[in-house]
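Here the structure is laid out as structure tokens; the discussion comes afterwards.
Below, chain A is the first sequence line, B the second, and so on; all start at residue 1.
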Amino acid sequence: MTQIRVENLTAYYEKNAVFENLNFTVEQGDYLVILGENGSGKTTLMRYLLGLGIRFTGKISYNGFSRRQIGWLPQRTETQKDFPADVSEVVLSGFSGKGTLGIRYRKESRKQAAAYLKALGLSDLKNRSFRELSGGQQQRVLLCRALCAADRVLLLDEPVAGLDAPSQNELYETIRQLHRQGMTILMISHEIDRALQDATRVLHLGKEDFFFGSSEEYRESDFQSRTKEEGS
Amino acid sequence: MTAIRELFSYSFVIYALLGGVGIALCASLLGVHLVLKRFSMLGDGLSHVAFGSAAIALAAGVAPLKISIPVVILAAFLLLHVSRNGKIRGDAAIALVSSSALAIGVIVATLTTGMNTDISSYMFGSILAMSRSDTVIAVSVAVGILLLYVLFYQKLFATTFDEDFAAAVGVRVEGYRSLLAVLTAVTVVVGMRMMGALLISSIITFPALSAMRVCKRYRTVVITAGILSVVAFLIGMAFSLFLDMPAGASIVVVNLGLFLALSAVEFLKKRPNLS
């Protein structure tokens with residue numbers, strides 16, 4: 001089943017087109033990795049998928065869910081480095097879009113959050129302060145928050161950026177498991193080789209054109225080397 | 001004891017305590033958001049705008065609240081908006097607006113009514129001169145703000161922690177930013193009567209900063225900031241009533257004392273980890 005269909009998308013940053021006439025679809029159960037150099041429009045595409053104030057022409061359709069139900073793992077922000085909040089407060093804020101009035105979240109929200117915390121191995125940390133966790137632990141907490149907001153699709157923005165090798169492997173393994181359990185994964189990355197190990201599909205934004213296809217097709221194509229030459 | 005009982009027989013003391021506790025509480029809750037959003041100076045900027053507009057209102061013979069509240073709300077919107085989209089950065093914009101408003105206020109006051117007691121009470125506060133209607137306004141504003149704060153607690157947390165994420169899951173971030181601006185503006189205008197334009201911003205930032213020295217959870221930061229703010233207010237008032245010290249300044253100094261004490265606690269707690 002096609003979950004997201006993007007047709008003839010041209011997105012603008014200030015007055016310049018970041019990319020033009022982009023076409024791709026996301027099927028249920030895909031593990032799509034979005035590649036591209038800095039400035040190729042990965043972030044613009046991500047903000048567009050989330051509906052965060054991007055000017056564009058073209059058409060996007062979501063099948064069976066709304067874009068509010070995309071679970072987004074953004075990159076960590078400067079503010080969060082010294083923000084006083086414990087892990088459960090951060091995770092529960094994943095429900096803030098469908099939240100209730102008042103201080104306490106709904107009972108089913110709290111139950112679901114507890115289940116996700118357990119699934120990601122974070123139950124022991126739930127009363128710890130977010131700012132005191134390691135980078136890898138913080139990413140898992142933010143992934144957990146994304147799950148609370150998500151229905152069937154996760155959108156991960158360079159999830160392993162800034163993590164040490166063991167934490168990177170752990171996070172990749174967790175993402176792989178979520179994918180196996182039926183979650184559709186969209187992941188922005190610039191680690192081509194590593195990302196290709198798990199991905200089923202590739203969207204590579206180049207300078208002039210783009211590649212969209214399965215990871216086998218991508219490996220066989222010369223798109224990767226071609227964009228490298230253009231860049232050099 | 002008799003001295004205290006005697007104090008409570010004066011209605012102006014009761015008015016000051018009721019209004020003051022309410023405003024101290026609101027200011028500290030809003031302060032948690034402003035400090036975490038790197039907007040601590042907003043309160044300071046708005047207080048100067050409040051002073052400027054109050055001086056103009058006095059010169060024109062209009063009730064200051066009627067002019068100050070809309071003007072300060074407008075200024076809050078502008079400052080929060082400019083800092084995101086404009087060419088002048090947020091802190092610079094606040095500095096510009098703040099000193100200009102103060103300058104205009106002083107000029108208007110000097111040319112018309114003169115720098116009289118009314119003007120000075122807006123600069124340094126005159127909490128013991130609060131009338132019955134001042135108190136009714138302060139208490140209803142405080143109750144309104146507390147109610148809105150509790151109702152929208154989840155959304156306010158989400159927008160403060162991660163504005164983009166909140167927007168992506170469907171929280172109307174712009175709306176909550178505006179709500180915060182309006183609430184801060186109203187608190188500053190009403191609080192100016194008690195604390196004075198020059199000191200009001202301290203009761204917005206101090207309790208939040210003090211609470212963050214020792215608290216690790218968001219909810220405990222909010223609650224602790226509220227308690228610290230009310231305690232500092234009451235101790236400051238006691239200095240003012242028993243030792244004839246100026247009320248607004250005493251409250252600020254007590255807040256400073258609490259901040260230093262809690263910073264020391266934080267330092268001592270951390271030290272064993274270093275050795």
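If you measure heavy-atom distances from A:L49 to chain B, you find no contacts under 4.5 Å at all. Contacts of B:T160 with chain A are made by both backbone and side-chain atoms, with heavy-atom separations under 4.5 Å. Both the backbone and the side chain of B:V150 come within less than 4.5 Å of a heavy atom in chain A. Using a 4.5 Å cut-off between heavy atoms, A:L52 touches chain B through its side chain atoms alone. Neither the backbone nor the side chain of A:S66 has a heavy atom closer than 4.5 Å to any heavy atom of chain B. Residue contact with chain A, scored on non-hydrogen atoms closer than 4.5 Å, is absent for B:R172.
The number of heavy-atom neighbours closer than 6.0 Å to CZ of A:R68, taken from other residues, nucleotides and ligands shown, is above 12. Within a 6.0 Å radius of CD in A:E78, other residues, nucleotides and ligands contribute 12 heavy atoms or fewer.
Ring geometry for B:Y218 versus A:F83: interplanar angle under 30°, hence parallel rather than tilted (30 to 60°).
By a heavy-atom distance cut of under 4.5 Å, B:L36 are the residues of residues 19-36 of chain B near chain A, going up by number. At a heavy-atom separation below 4.5 angstrom, chain B is approached by A:S129, A:F130, A:R131, A:E132 within residues 120-135 of chain A.
Note on B:T220, B:V173, B:V171, B:D162: by heavy-atom pairs under 4.5 Å with chain A, the leading option is B:D162. Heavy-atom pairs under 4.5 Å with chain B peak, among A:R47, A:Q69, A:R67, A:K98, at A:R47.
By the 4.5 Å heavy-atom criterion applied to side chains, B:E163 and A:T79 are not counted as neighbours. For the pair A:P74/B:D164, no side-chain contact is recorded, criterion being any heavy-atom separation below 4.5 Å from C-beta on.
Atom OG1 of residue A:T77 and atom CZ of residue B:F165 lie 12.5 Å apart, to the nearest 0.5 angstrom.
Across all non-hydrogen atoms, the minimal contact from A:G102 to B:Y153 is O-CB, 4.1 Å. Residues A:E89 and B:R219 share a closest heavy-atom pair of OE2-N, 2.9 Å. The shortest heavy-atom contact between A:G94 and B:V169 is O-CG1, 4.3 Å. A pairwise comparison of heavy atoms in B:C215 and A:P84 identifies O-CB, 4.1 Å as the closest pair. Scanning all heavy atoms of the two residues, the minimum distance from A:S93 to B:F157 falls at CB-CE2, 3.7 Å. For A:W72 against B:A168, the heavy-atom pair with the smallest separation is CE3-CB, 3.7 Å.
With hydrogens and angles disregarded, no donor-acceptor distance shorter than 3.5 Å links the side chain of B:Q154 to the backbone of A:L101.
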